[in-house]
Structure formats: C-alpha cells, structure tokens
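Remarks on the structure that follows.
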There are 2 protein chains.
Amino acid sequence: MGNQSVTIKDVAKAAGVSITTVSRYINKRYESMSVETRERIEKVIEELNYQPNKMAQGLKGQTRTIAVVVVNLGYPFAVSVIRSISSVLSEMGYALLVGESADDTEQEAQLLQSLISQGVDGIIIQTSGQNNELLERIAAEKPVVLIDRQFDVPGAANVITNNQEASRELTERLFQQGYQHVVFVSEEPSNLSTRVERLDGYLAACRAASIPSDVRWVLREDPVSIAALAKDLQSQPPKKPFAVYTANGLVMLELYPKLTHLRYSIPNEMGIATFDEPDWVHVTRPRLTCVRQPTDEMGITAAQTVLRRLTDRPAQVAKPGQVGLVRATNPDSDTKAHPKNRFGERTENQTTVIPSEVIWGDSSSLR
Amino acid sequence: MGNQSVTIKDVAKAAGVSITTVSRYINKRYESMSVETRERIEKVIEELNYQPNKMAQGLKGQTRTIAVVVVNLGYPFAVSVIRSISSVLSEMGYALLVGESADDTEQEAQLLQSLISQGVDGIIIQTSGQNNELLERIAAEKPVVLIDRQFDVPGAANVITNNQEASRELTERLFQQGYQHVVFVSEEPSNLSTRVERLDGYLAACRAASIPSDVRWVLREDPVSIAALAKDLQSQPPKKPFAVYTANGLVMLELYPKLTHLRYSIPNEMGIATFDEPDWVHVTRPRLTCVRQPTDEMGITAAQTVLRRLTDRPAQVAKPGQVGLVRATNPDSDTKAHPKNRFGERTENQTTVIPSEVIWGDSSSLR
DNA sequence: ATGAAAGCGCTAACAC
DNA sequence: GTGTTAGCGCTTTCAT
C-alpha cells in the first residue's frame, strides 16, 4: 500500500478531479462538492493511503501540530501533563511534538526556534522564564500557553495550580497533626512562581501558627548538599516531633534515602511530606504524604486554550485588531484576564488556576 | 530582533546577493563563494536572526530532524535513551522530535505517519512490533533504527542490550547467594524480544542450577493481578529463602509495595531484584538489586546509526543500487549484518548489542 | 563565484 | 460545483 510519496496530484488524477477539489476535501469543505465527488475522493484516498504532506500544508496555512516543551521528562508531572494534552489534541486531529529544555535558557531558545521553523501552530511550555521576550514574539503570531510556572508574557495564557494555597494547607495540617516544627526544603531561590508560591504558602502557615519557619536550600544532583542537610537534621535536631517537607518530588527522591537513615522514627519523631506525587509514593513505608497536582485538568485546559485561540484568531497571523477574549470553561478554575497594550494592538492575557489536592499518607500522621 | 518571518529573500536582499548564494551559505557550500560574500551573509543572518524554514527545506531535501518514538515516557529507560540521542543529534545540528506510542498499534501507526508527513529524516523507535510492514516501507526511504526491542524489519537497524545474558547472570547470582528458588514475574507473554530473552535467561539459569523454574504472569495497571500474585506468595510459600525477580521496573514498582507487606524478612527470607534501574532504587530499604541498561550507549549508537545511514545514502530517497554496508563502531558491540534482498536491491540489516550491568543491592544479599 | 528560474505539495483567490 | 493559477521558502540545475 501507498506511503508518503503519494501526493495530492495522484489522488486528483485517480479520482478524476482537480487538486483543488481534493484540497477542499482534505479541509472538509464538503459544501462545495457533490456527494459523488466527495465519496469518490474518499475512496481513492483510502485506497492510496494518502496522507497530506504537513510541510507543504505548513508552508501555506497550518500544520495542525502543537508543541509542548517541558523542563524535565523524568518528572512524572511532565509526562502526565503531556499525556493529557496529547489525548485532547489527537481527538481534535492535531499532532503533538514533545521537547525537553533541561531548564536551560539556551537549549530552550533553540528548541523554540526549531519548533517554530518546524511550523507548529501553537506552543505549550513549562518555561525556564529566561526566554520571555522570545515567547512574547512567538505569542504575537501563534497561541502560547505557559504551564505550571507563571510568567507575565504579553499575549500568552497561563495554566497553573494553586501552589500557595496547597502548600499552606499541607503545612497547616502538619501542625494540626501535632508536629512542632516543619523544615521546608527547596531548590535554590529563584523567581519561578512554583518555588516562590510554595515557599510563601509554607511561610504563611508558620506565621498563622506562630511557629518559627525553617527553610533549607539544597542543590539537586549534588549529593553533598543533600548529605549536609541530613547531617544537620541529625546533629542539630529541630524541636520534636518535626516534619520535613520538600518543595517538589525530585528533591524528595534524593533526600528520602538520607532521611530514612537518620535516627528518628517515622512518623512519630519525624514526618515526611512533599509537593508533587512521585510514582514511587507507594514504595515507601510508611506511605509518603504528597500533593497531587491536577495534571489532567492542566493538560486539558492548556490544550483547549491553544485550540480555542487558534480558532478565535482572525487568521493564522494575528492581524492588528481583535484577539478574542478567551475565558476558562473549567468550573473549578479561577480566571483573571488583564488586557495588555502592545504595538498598539489589544491582546488578552489569561490565567487559569486549577487546585491541587493533598494526599495524606501515613509518613506524617502521628499516632 | 527578527523572528520566524525573516526569509531567505530578506537575507539575500540585505546582503545584496541572490537567494541562491544564501542557500549555498546555509548548506555550508563555502567553496563556491568568496570570503567576503560569506562573511557578509554571516553577519546579516546574525543581525536578522534568520532561521531557515524547515518546512520549506523539507519540501525539497532534508529537514535535519530525527524522530524518536518510545512506548512509555514514564519509563526512566525511555527518558534516558532520549536524552542520550538528543545530545548526539543536537551536536550534529539535528533537531529531535519525541513521540509516545503507548504500545498501541493504531497510535503508533498514526504517529509514524504524522512524523513522516512532518518530514523527519530518520526514525528511532522502540516499537510495538505491530507495524513492521509500515516500518519496512519507511525504512526503504529513510533510516530506521529499532531500539530496545529487536525485530527483523528489512532495511532497519537494531540497537539492543544483551537481555538474555544479563537475565541469566542475575538469576545465577541469586542462586549463588543461596536463594533456593527464584520467582520470575513478567507481563503477559508476547513476542517482544525483551520479554522473551529475559525469560530465556532466567530459564537457562534455572536449568543450569537444576532448580525448578517458577514463572508468574501479571498485568500491569491491574491491581487485582498483582494482589493475587502477592497472596499466592504468602499462602503457598516457595522454598525458602527465595527471591522475586521482575522482568522490568514498572512491574516491580507495582509489586514492591505488596511484597513488603508479606510476612517475609527481606533479604533473608525473600530477596528482591528487577531488570531495569528505576529511579527509586535508593528509596527502598534494603536497597533493590537491579539491572542497569546501557541507555547512554544505546542512545548514542542509535543516533550515530541514523546519521551514518543518512550520510551513506546515495540520495534522500534510496536509489535502486547500493545502500552502503554499515558497521558498528562501538568496541563493546557485537554486530551481525545479514544482507536482505528486496525489490531486487541490496540492503543491509544490522544489530548492535550493548551489554547491561547488574547492580547488586542489598535486598537480595543473604547475610 | 554568482544568479535566474523551475518546482517540491499544498492552499486560496478568482474565474467559470 | 469545479478548475486555473499564483505563490509559500527553499534547493538545485543550468547559465554566465
């Protein structure tokens, strides 16, 4: 059976029509076509196993391809979001391209350029935040959705979770459980909204409980920094019982083995909790307490937002004028749109917040 | 600064040369160009931040884009291989597209079609084995490298690890450790080379040790089947001490929590080992024994193989005639080439085997 | 050493 | 309803 080298011309010839008609068929403009013609083309396409060439399509209008760029493919959060996006897109006949930036400015920029030149119609990205100018430029031409980490990129939408609230809630409940002290462990300070907000939530809970906060910074993939923290916890014990709460699952993955080596009994002397829901939660005994991020809804919302903006757009290239106001459809979501003024044209910025859920394990339940 | 809409024409105009010359520059044909021209173009491209449009390039020759398709992005093995491939490719100025097939025939086929129509120059795939005909057709036009799971697809190369030997070695060492019995747990039987070979290695070790084999089949993501196995292990205890050895890390991820609930002491009554090296090995106490697959070398080899075939090819479309004989460069690799005859033209098939390494933990060391 | 022009597969006016 | 035609951005003969 046929392969890639079957072109629209072959279909046209075999069906005895012009390539225009076939093109119309491909683009589902059935109104301008007799039923017979339509069925004939359908049959021929089937027989020849014809597949429109996306490069040729892209050279004109759209590719029907969306790209998603994540920081780290080894992060269950990322994979989960990607799958969710993929399911929405494939249902709508869109293809998905996946890329990884390693949180590296240069790599991210290159990846974006490459995807653009590849002709993707829209981009969903968990960004390093170091290429906001580039993203803004891209957003001026095609839909851009920032996921997980919020940034104020004109023209781009944001889909995030309520990091601050979830973090505060988790910390509060640790205190309610009876922990006298909660050590918050995070990667080195940055302007990443996720880090800032999770820290803020923790600090707010400490303040509310009138318990001194205790923040420790570590470097991932640096055994020394992790080991030092563990040693500290042993040599200068916090007020007991205390809990250790990491700002994300990757930090916990590295820290956990060290924690279990400390001479504290879990959960009665030391509770353990983390933001994220690592796939290995059930491996730990007692079971890890964690924060499940709404990866499915985030992916769905991100995908829908891109698609909606693709549709609403007056043309494939944003014409000066209106870019339709977009609003969230998710009932749980909290949307705030703030209009931007740029190059004299109106654009809508939009943020959708989808709440996380604390999954209480027994590694942080005093008994 | 400039963006995607800068075309070769703009560069040509700004540099005061014809687009042909710019095209030559892009394709590094510096011989046919004066040094001044070359430098002028270079400067203009820099200034305009020009980026050739891959779709337009692809419509003619190559895209300089390779695709990698894996079964499951949540599998550390996959991510690891992808990163390795990516590093080789980006160094050579190639872009990488990532896709996930979910081991689903239909999805895989669609993904492949989409990638082809996207214009990728070559494909690296961990295949379900259900689309060999399609892959063969693709392999007739562009480099195809089968990774992890071996199949006899004419025209395609294979990059795999020594599943059989590694599995046998692990099992043998479990017996040497003093385990009287090893339960081998795998996903439902299939023709996937990885499953077959890992099983074969286990069986061979049993035979050599004159110990009866004990194979249990489970379904992943089916708690019932996993729970049933655990229950069996408790109600009908194997000869002690015994070891449980899973055929891959995903199965172990699901089984492990059940195992630790059994009334056996680890490792003295029950040893635990798995093929693969899950990222959570260090979370377990005692530490899990596992088989580290050579993901880096596999990725590098796969990428190099694609690139080599891309270069060796007489043209972008395989002309009837010679497709150069390809040979492995990895000193550790064991290559067997078997010529195929297809459509009257000679093609080379090739398999590169890269050995895995057993990482002995203490969850399967009797003390 | 450089350029003019044809054409890759497709879409979109604009006829008829 | 259907076809003709002009490109999209690039590569590649073939001239000069």
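Because only heavy atoms are used, hydrogens play no part in the values below, and waters and symmetry mates are left out as well, while side chains stay in. Letters A, B, ... are given to chains in the order of the sequence lines, protein chains preceding strands, and every chain is numbered from 1. All values reported here derive from a predicted model rather than from experimental measurement.
Close to D:dC8, at under 4.0 Å from its OP1 or OP2, lies no side-chain N or O of B:N53. Contact check, B:R29 against D:dT12: a side-chain N or O comes under 4.0 Å of OP1 or OP2. Residue A:S18 places at least one side-chain N or O under 4.0 Å from the OP1 or OP2 atom of D:dG3. Here B:Y25 does not reach the OP1 or OP2 of C:dA1: none of its side-chain N or O atoms lies under 4.0 Å away. At C:dG9, none of the side-chain N or O atoms of A:Q57 fall inside 4.0 Å of OP1 or OP2 (strictly under the cut-off). Taking only side-chain nitrogens and oxygens, A:Y30 never comes nearer than 4.0 Å to OP1 or OP2 of D:dT2.
Between B:A56 and B:T37, the residue anchored closer to the 5' end of DNA chain C is B:T37, taking for each the nucleotide with the nearest heavy atom. If A:I19 and A:S32 are placed on DNA chain D by their nearest nucleotide, the residue sitting closer to the 5' end is A:S32.
To the nearest angstrom, C1' of C:dG9 lies 13 Å from CG of A:N27. Between A:M33 atom CE and C:dA12 atom P there is a gap of 13 Å when expressed in whole angstrom units. Atom P of nucleotide C:dC8 and atom CD1 of B:I116 are separated by 20 Å, given to the nearest angstrom. When rounded to the nearest whole Å, the span between CZ of B:R64 and P of D:dC10 equals 15 Å. One atom, CD of A:Q62, and another, C1' of C:dA12, lie 14 Å apart when rounded to the nearest Å. Atom NZ in B:K9 sits about 7 Å away from atom P in D:dG9, given to the nearest Å. The nearest whole Å value for the distance from the CG atom in B:D10 to the C1' atom in D:dC8 is 13 Å. Rounded to whole angstrom, the span from the CD atom of B:Q118 across to the P atom of C:dC10 amounts to 14 Å.
With A:D121 contributing its side chain and A:R64 its backbone, the two residues share a donor-acceptor pair below 3.5 Å. Judged purely by atom type and a 3.5 angstrom limit, A:S90 uses its side chain to pair as donor or acceptor with the backbone of A:S86.
Shown here is A:E31, whose CD atom has more than 12 heavy atoms of other residues, nucleotides or ligands within 6.0 Å.
Counting only residues at least two apart or on different chains, the side-chain hydrogen bond (donor to acceptor under 3.5 Å, both in side chains) pairs with a member in residues 96-105 of chain A are A:E100-B:R83, A:D103-A:R149.
Rounding to the nearest 0.5 Å gives a distance of 11.0 Å between CD1 of B:I41 and OH of B:Y50.
Minimum atom distance to the side chain of A:L59 is reached by D:dG9, of the listed D:dT2, C:dC10, D:dG9. Comparing D:dG3, C:dC10, C:dG3 by their closest approach to the side chain of A:T21 singles out D:dG3. Distance from the side chain of A:S23 is smallest for C:dT11 among the nucleotides C:dA12, D:dT11, C:dT11.
Across all strands, A:S34 comes closer than 4.0 Å only to sugar-phosphate atoms, never to a base (heavy-atom distances). At the heavy-atom level, A:R38 lies nowhere under 4.0 Å from the strands shown.
Comment: A:K43 does not engage A:E39 in a salt bridge, judged by the lack of any side-chain N to carboxylate O separation of less than 4.0 angstrom.
Within 3.5 Å, a donor on the side chain of A:T20 pairs with an acceptor on the base of C:dA12, or the reverse. Applying the 3.5 Å distance criterion, the base of C:dG3 shares a donor-acceptor pair with the side chain of B:R24.
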